[in-house]
Undergrad: 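Below are the structure tokens for one structure; questions will follow.
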Amino acid sequence: MANVPLRKKSPRAPSMALDEAIERTAKAYARDRLHPAPADVMAQHVGYKNANNGAALQALASLRYYGLMDRSADGMMSVTKAFESYHYAPDEELKRKLQIAWLRSPQVFADLLDKYAQGLPSDPTLRHELITQKHFSPAAAESLIAVLRRSVAFVGYFAKPADEASQMDNEWAPALTQAPAPIASSPLAFAEEPAIRPAVRPDSGGVAVATANLPLDVEVDKIPIRLSGGRRAWLYVPSPFYIGDKERIKAQVDLLLADDEDAT
């Protein structure tokens, strides 16, 4: 009988996103603080009947991979001191530092965040990296990509600090106040040299939003764009809107943000 090769296990990595991991750890902390507890008890604290099933074991392992829980040699588990610091953190800056530390605790996350320091690439690129370089199974790679993206978005890992974002707005202001050259086939009517005013909206998270005084007979749709860290930007699109308009806008955005690619 031919030998059947054993299925290779994927490397250790979280099965849940960081925000969910923090929420579950908070439930355990509310019950037992930093006291060690049996795995079955800890599983109950975080929402399972016991630790005798795969889902519960994966959840507890995820909390350990992030550094939110410790497991001693006798199998007892406890919430880490770092989570207590997070729970009582006096400001959001300290909380975010701990979130970043937890995000980078799984080795595979740290490797990817270091390699793609300007922002995560497309899913196909990440999938190729995880399967061919990190030796994940296709299913495990697909799951991990979703967990990583949600965790990165929760932390706002690639978001610029407020002072740096303000500096970038000031650098972009001269370019934004210059009217683009007119294109005869475009309905954007930039030939009239409308005033384009960069403005920081109260609900934009510090993102400069450029708006134009389009002709009154042009209908405009305001389209929200979700950014990392809970921020938003707005795109004002006239109607009708042509393929040439789309290419022009894409080229302008690529030019402005060439050194500031962000995660989606």
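These numbers were taken from a predicted model, which means no experiment stands behind them. Keep in mind that the numbers below use all heavy atoms, side chains included, and drop hydrogens, waters and symmetry copies. Heads up: numbering here begins at 1 and tracks the sequence.
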Undergrad: Can you classify the ring geometry of Tyr66 versus Phe109 as parallel (below 30°), tilted (30 to 60°) or perpendicular (above 60°)?
TA: tilted
Undergrad: For the CG atom of Leu57 and the CG atom of Asn50, what is their distance to the nearest 0.5 Å?
TA: 9.0 Å
Undergrad: Linking I/L/V/M/F/W/Y whenever their side-chain heavy atoms sit closer than 4.5 Å, directly or via other members, would Phe158 and Ile100 fall into one cluster?
TA: yes
Undergrad: Is there a side chain to side chain contact (heavy atoms under 4.5 Å, CB included) between Arg150 and Glu20 once you walk through the steps?
TA: CA-CA 10 Å; Arg150 176 172 162 179; Glu20 181 182 352; 4.0 Å; yes
Undergrad: For Lys97, is there an ion pair with Glu93 - N to carboxylate O distance below 4.0 angstrom?
TA: yes
Undergrad: State, to 0.1 Å, how close Ala28 and Met42 come at their nearest heavy-atom pair, and which atoms those are.
TA: CB-SD, 3.6 Å
Undergrad: Tell me which pairs pass salt bridge (Lys or Arg N to Asp or Glu O under 4.0 Å) where either residue lies in residues 125-136, with sequence neighbours left out.
TA: Asp111-Lys134, Lys115-Glu129, Arg127-Glu142
Undergrad: For a quick test of reading the model, state the closest non-hydrogen atom pair linking Ile131 to Pro138 and the distance between them.
TA: CD1-CA, 3.8 Å
Undergrad: Please check if Leu112 and Val147 belong to a single hydrophobic cluster, counting links between Ile, Leu, Val, Met, Phe, Trp and Tyr side chain heavy atoms closer than 4.5 Å.
TA: yes
Undergrad: Using a 3.5 Å distance criterion without hydrogens, assess whether the side chain of Ser105 forms a donor-acceptor pair with backbone atoms of Ala101.
TA: yes
Undergrad: Just by modelled atom types, is the Val155 backbone N or O under 3.5 Å from a matching donor or acceptor in the Arg96 side chain?
TA: yes
Undergrad: For the side chain of Ser137 and the backbone of Ser10, is there at least one donor-acceptor N/O pair under 3.5 Å apart?
TA: no
Undergrad: For the atom pair CE (Met16) and CD1 (Ile22), what is the distance rounded to the nearest 0.5 Å?
TA: 11.5 Å
Undergrad: Start with the C-alpha gap between Leu63 and Val79, add the side-chain angles, then the distance that decides, and say whether side chain to side chain contact (heavy atoms under 4.5 Å, CB included) holds.
TA: CA-CA 9 Å; Leu63 302 183; Val79 175; over 6 Å; no
Undergrad: Go through the steps to decide whether Leu94 and Ser85 satisfy the test side chain to side chain contact (heavy atoms under 4.5 Å, CB included), and finish with yes or no.
TA: CA-CA 9 Å; Leu94 177 56; Ser85 297; 5.5 Å; no
Undergrad: So does Lys27 pair up with Glu23, basic N to acidic O under 4.0 Å?
TA: no
Undergrad: Val41 and Leu34: same hydrophobic cluster, using ILVMFWY side-chain contacts below 4.5 Å?
TA: no
Undergrad: When you group the ILVMFWY residues by side-chain heavy-atom contacts below 4.5 Å and let the links chain together, are Phe136 and Leu113 in the same group?
TA: yes
Undergrad: Can you see which heavy atom on Ala51 is nearest to which on Ala56, and at what distance?
TA: CA-CB, 4.1 Å
Undergrad: Is the shortest side-chain heavy-atom distance between Leu60 and Tyr48 below 4.5 Å?
TA: no
Undergrad: Do Tyr86 and Gln99 pair up side chain to side chain, a donor and an acceptor below 3.5 Å, judged on atom types alone?
TA: yes
Undergrad: Does the pair Arg149 and Asp123 meet the rule for a side chain to side chain contact (heavy atoms under 4.5 Å, CB included), with working shown?
TA: CA-CA 10 Å; Arg149 287 200 184 281; Asp123 283 4; 2.7 Å; yes
Undergrad: Would you say Val46 and Tyr65 are hydrophobically clustered, going by side-chain heavy atoms of ILVMFWY under 4.5 Å?
TA: no
Undergrad: Regarding Glu84 and Lys81, does a basic nitrogen lie under 4.0 Å from an acidic carboxylate oxygen?
TA: yes
Undergrad: On a heavy-atom basis, which atom in Ala59 and which in Ser15 lie closest, and how many Å separate them?
TA: N-OG, 4.4 Å
Undergrad: Taking only residues at least two apart or on different chains, which pairs with a member in residues 57-80 satisfy salt bridge (Lys or Arg N to Asp or Glu O under 4.0 Å)?
TA: none
Undergrad: Count the heavy atoms of every other residue, nucleotide or ligand shown that sit under 6.0 Å from CZ of Arg33, and state whether that count exceeds 12.
TA: yes
Undergrad: Between OG of Ser143 and CG of Leu148, what distance do you get to the nearest 0.5 Å?
TA: 11.0 Å
Undergrad: Please check if the side chain of Thr125 supplies one atom and the backbone of Pro121 the other of a donor-acceptor pair under 3.5 Å.
TA: no
Undergrad: With a 4.5 Å heavy-atom cut-off, do Ser78 and Met69 have their side chains touching?
TA: no
Undergrad: Tell me which pairs pass side-chain hydrogen bond (donor to acceptor under 3.5 Å, both in side chains) where either residue lies in residues 38-47, with sequence neighbours left out.
TA: Asp32-His45
Undergrad: Keeping Ser151 on the side-chain end and Leu18 on the backbone end, is there a donor-acceptor pair under 3.5 Å?
TA: yes
Undergrad: To the nearest 0.5 Å, what is the distance between OH on Tyr29 and OG1 on Thr25?
TA: 12.0 Å
